[in-house]
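Report on the structure given below.
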Amino acid sequence: MEHFLLGRRATGALIADPYSAAPRGPSRMAASRLPILLAVAFSSLSCILSHSNREMWFQDLFPPNTCPINAKANTFYGIMFDAGSTGTRIHIYTFVQKSPEKLIELEGEIFESVKPGLSAYADQPEKGAETVKRLLDMAIDAVPRHLWKKTPVVLKATAGLRLLSEEKAQALLLEVREVFEESPFLVPEDSVSILDGSYEGILAWITVNFLTGQLSGQNQHTVGTLDLGGASTQITFLPRFEETLKQTPGDFLTSFEMFNSTYKLYTHSYLGFGLKAARLATLGALDMEAVGGQMFRSSCLPKQLEAEWHFGGVKYQYGGNKQGETGFKPCYLEVLKVIKGKLHQPDEIRGSSFYAFSYYYDRAVDTNLIDYEEGGVLEVRDFERKAKEVCDNMERYNSASPFLCMDLTYITALLKEGFGFRDSTLLQLTKKVNNIETSWTLGATFHLLQSLGITY
Ligand SMILES: O=c1[nH]cnc2c1ncn2[C@@H]1O[C@H](COP(=O)(O)OP(=O)(O)O)[C@@H](O)[C@H]1O
Ligand SMILES: [Ca+2]
């Protein structure tokens with residue numbers, strides 16, 4: 001079992017900031033003021049302690065002789081980039097410390113994204129870094145000038161870069177690091193890296209459970225999370241039964257500390273099981289070496305379709321089964337080959353409900369199962385019903401993505417045959433909670449603030 005200690009205790013004065021600045025920036029700034037549980041070491045004792053400990057590398061983050069006891073309400077920022085396999089996103093979080101005795105609050109988020117993801121620039125790392133720079137320019141506008149030097153900027157890449165060769169991934173990360181170094185922001189050590197898969201699940205779990213208020217107070221009823229990316233997928237939950245801990249392979253369990261609690265989580269990231277990687281696997285095109293003008297066909301695609309698809313910087317030609325079968329049944333069998341026996345099935349989850357986002361959300365929106373703004377609660381069987389409807393009437397759904405049938409069938413098979421959920425398992429489809437994106441980036445920013453000694 002792995003054990004992550006997320007951050008260490010803060011030394012108070014390092015948290016304090018004499019400046020008080022109203023957040024400004026684009027209208028996307030979410031105005032929600034979440035009551036927060038971030039325990040911040042703002043006691044006068046820690047203020048004294050920190051004064052004797054000023055030589056730390058992050059000392060510039062806050063003025064050395066600021067005593068929090070005198071600090072007024074202040075605002076600070078954290079910039080977290082998510083370099084996903086299908087796109088790069090910037091999350092600029094605003095936090096407010098209203099008074100030394102109070103816990104800090106997450107005030108809002110500015111979010112923007114670009115496509116394609118960094119991995120599409122595997123052979124042009126400078127161009128890839130340019131996409132990051134364009135997003136970072138937004139932060140220049142969003143963060144008040146006098147706070148630039150104290151605002152940390154971090155980028156974490158997920159499955160797209162995990163699948164690249166070490167050399168290509170490192171070249172991209174190096175270029176991004178240069179962009180950061182040239183910016184006016186605080187660039188912590190290790191500010192540009194590939195995020196470990198198990199961290200990805202844990203940090204998303206922290207985000208969702210933080211935003212839904214489950215990490216504070218005595219009666220915590222945490223919820224499990226399901227993230228379906230382009231290249232990998234994560235499942236994370238807090239096991240309630242001893243039996244689950246006994247039945248689970250050690251590397252699926254991770255213990256970590258956050259907000260003064262220790263959690264032992266079940267989490268796993270399945271690389272190559274994201275929605276787009278699964279398309280390639282279903283088409284039999286996952287082995288990139290095999291590509292070379294070859295046409296990949298599937299019963300999950302419209303019969304007459306012949307098209308090209310670019311993913312991860314590689315071009316694929318694909319099409320429908322001109323002569324053979326199409327529809328839900330043959331498609332399900334095709335997809336099953338990709339999934340069957342490849343995933344661990346914890347018994348405990350069969351009766352639980354889960355939060356689901358990313359491509360679970362997008363495909364549910366695409367087929368009107370949920371509203372784009374509101375999200376909603378679905379049962380696993382709703383995805384299967386929709387998959388049948390789309391796959392057995394493929395021509396009718398022609399206007400949407402030609403992969404709609406394959407995607408819905410994959411989601412159905414992943415949930416049922418992969419993780420072992422029941423038809424009746426409830427899924428809470430959520431994009432935002434209180435106007436904040438349900439992404440691992442918020443959990444990662446808490447971790448960042450902890451490691452900089454700002455919160456614990
Ligand atoms: O912050 C976010 N807000 C909204 N959607 C997001 C965010 N981050 C990721 N997504 C969703 O994640 C999916 C793409 O996955 P991604 O590109 O992150 O692949 P990966 O996780 O396998 O690297 C899409 O459904 C996209 O809408
Ligand atoms: Ca992702």
Side-chain angles (χ1 to χ4, degrees), residues 28 30 78-93 108-122 128 131 135 138 155-164 169 172 193-208 211 225-236 267-281 286 310-313 355-367 370 372-373 375 401 403-404 407-408 410-411 414 429-445:
R28 248 174 293 244
I79 306 168
M80 184 62 63
F81 278 90
D82 166 9
S85 65
T86 67
T88 303
R89 303 135 200 146
I90 186 171
H91 300 254
I92 306 165
Y93 296 106
E109 176 192 36
I110 294 171
F111 171 73
E112 194 52 88
S113 61
V114 291
K115 283 181 178 174
L118 272 188
S119 47
Y121 300 95
T131 65
L135 288 172
M138 277 188 64
L155 175 141
K156 293 187 184 296
T158 54
L161 257 69
R162 281 182 211 133
L163 288 170
L164 286 185
L172 279 163
S193 61
I194 295 179
L195 180 63
D196 180 90
S198 48
Y199 245 133
E200 198 176 348
I202 289 172
L203 295 173
W205 184 91
I206 289 173
T207 299
V208 169
L211 291 175
T225 51
L226 295 169
D227 187 351
L228 179 58
S232 71
T233 187
Q234 292 79 39
I235 176 170
T236 308
T267 187
H268 197 75
S269 178
Y270 292 93
L271 189 58
F273 286 80
L275 191 73
K276 300 206 165 175
R279 288 180 185 173
L280 294 182
L286 199 55
H310 294 258
F311 185 63
Y355 267 64
F357 33 93
S358 46
Y359 278 123
Y360 293 111
Y361 193 95
D362 298 351
R363 290 302 169 267
V365 169
D366 294 344
T367 50
I370 56 168
Y372 175 77
E373 293 294 338
S401 158
F403 284 106
L404 194 56
D407 290 352
L408 289 168
Y410 177 69
I411 287 174
L414 179 67
L429 279 292
T430 312
K431 190 173 193 60
K432 290 185 180 190
V433 178
N434 287 336
N435 237 349
I436 307 288
E437 300 279 332
T438 48
S439 158
W440 56 260
T441 49
L442 179 60
T445 305

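Order of appearance sets the numbers: ligands from 1, and atoms from 1 within every ligand. What you see is a predicted model; the values in this text were computed from it and never measured. Residue numbers start at 1 and run along the sequence shown.
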Practice problem: Would you mind listing which atoms of ligand 1 come within a distance below 4.0 Å of any non-hydrogen atom of Gly229? | Solution: 15 (O), 19 (O), 20 (P), 21 (O), 22 (O)

Quiz prompt | Residue part near ligand 1, for Thr233, under 4.0 Å between non-hydrogen atoms | solution = neither

Quiz item: For ligand 1, does Tyr361 get within less than 4.0 Å through its side chain, its backbone, both, or neither, judged by non-hydrogen atoms?
Solution: neither

Quiz item: Side chains of Trp440 and Thr158: closer than 4.5 Å at any heavy-atom pair?
Solution: yes

Quiz item: What protein heavy atom sits nearest atom 2 (C) of ligand 1, and how far off is it?
Solution: Glu437 OE1, 3.5 Å

Practice problem: Considering heavy atoms of the protein only, find what lies nearest to atom 23 (O) of ligand 1 and give residue, atom and distance to 0.1 Å. | Solution: Thr158 OG1, 2.6 Å

Quiz prompt | Non-hydrogen atom of Gly274 closer than 4.0 Å to ligand 1 | solution = no

Quiz item: Looking only at distance, does Ala83 have an N or O less than 3.5 Å from an N or O of ligand 1?
Solution: no

Quiz item: Asp82 heavy atoms, cut-off 4.0 Å: which ligand 1 atoms fall inside?
Solution: 8 (N)

Exercise. Give the numbers and elements of all ligand 1 atoms closer than 4.0 Å to a heavy atom of Glu200.
Key: 21 (O)

Quiz item: Tyr93 and Thr441: side-chain donor and acceptor closer than 3.5 Å?
Solution: yes

Quiz item: In the protein, what heavy atom is nearest to atom 1 (O) of ligand 1, and what distance, to one decimal place, separates them?
Solution: His91 CE1, 3.1 Å

Quiz prompt | ligand 1 atoms in contact with Ser232 (distance to a heavy atom under 4.0 Å) | solution = 22 (O)

Quiz item: For Tyr361 and Tyr372, which heavy atoms make the closest approach, and how far apart are they?
Solution: OH-O, 2.5 Å

Quiz item: Any non-hydrogen atom of Gly117 lying under 4.0 Å from ligand 1?
Solution: no

Self-check item: Contacting atoms of ligand 1, where contact means under 4.0 angstrom from a heavy atom of Phe111
Solution: 1 (O), 2 (C), 3 (N)

Quiz prompt | Identity of the nearest option to atom 5 (N) of ligand 1, non-hydrogen atoms only, from Arg162, Lys432, Glu112, Lys431 | solution = Lys431

Quiz prompt | Among Thr225, Ile235, Thr236, the one residue meeting side-chain contact (heavy atoms from CB on, under 4.5 Å) with Thr267 | solution = Thr236

Quiz item: Which atoms of ligand 1 have any heavy atom of Gly84 under 4.0 Å away?
Solution: 17 (O), 18 (O), 23 (O)

Quiz item: Applying a 4.0 Å heavy-atom criterion (strictly less than), which segment of Ala159 is in contact with ligand 1: side chain, backbone, both, or neither?
Solution: both

Practice problem: Just say parallel, tilted or perpendicular for the rings of His91 and Phe111, cut-offs at 30° and 60°. | Solution: tilted

Practice problem: Answer yes or no: is there a side-chain heavy-atom contact under 4.5 Å between Lys156 and Ser193? | Solution: yes

Exercise. Can you sort out the partners of Thr207 under side chain to side chain contact (heavy atoms under 4.5 Å, CB included), two or more places apart, ordered by chain and number?
Key: Leu211, Leu442

Quiz item: To which of Lys276, Lys115, Arg89 does the heavy atom nearest atom 9 (C) of ligand 1 belong?
Solution: Arg89

Quiz prompt | Option nearest atom 17 (O) of ligand 1 (shortest heavy-atom distance, choices Thr86, Asp362, Leu163) | solution = Thr86

Quiz item: Any idea which protein heavy atom is nearest atom 22 (O) of ligand 1, and the distance to it?
Solution: Ala231 N, 2.8 Å

Practice problem: Note the single closest protein heavy atom to atom 11 (C) of ligand 1, along with its residue, its atom name and the distance in Å. | Solution: Ser358 CB, 3.6 Å

Quiz item: Rounded to the nearest 0.5 Å, how far apart are OH of Tyr360 and CG of Leu228?
Solution: 5.0 Å

Quiz item: Does the pair Phe403 and Lys276 meet the rule for a side-chain contact (heavy atoms from CB on, under 4.5 Å), with working shown?
Solution: CA-CA 10 Å; Phe403 284 106; Lys276 300 206 165 175; over 6 Å; no

Quiz prompt | Side-chain ion pair, Glu109 and Lys432, N-O less than 4.0 Å | solution = no

Self-check item: Asp362 side chain near Val365 side chain, heavy-atom distance below 4.5 Å
Solution: no

Quiz item: At their closest point, which heavy atom of Gly197 faces which heavy atom of Gln234, and how far apart are they?
Solution: O-CG, 4.2 Å

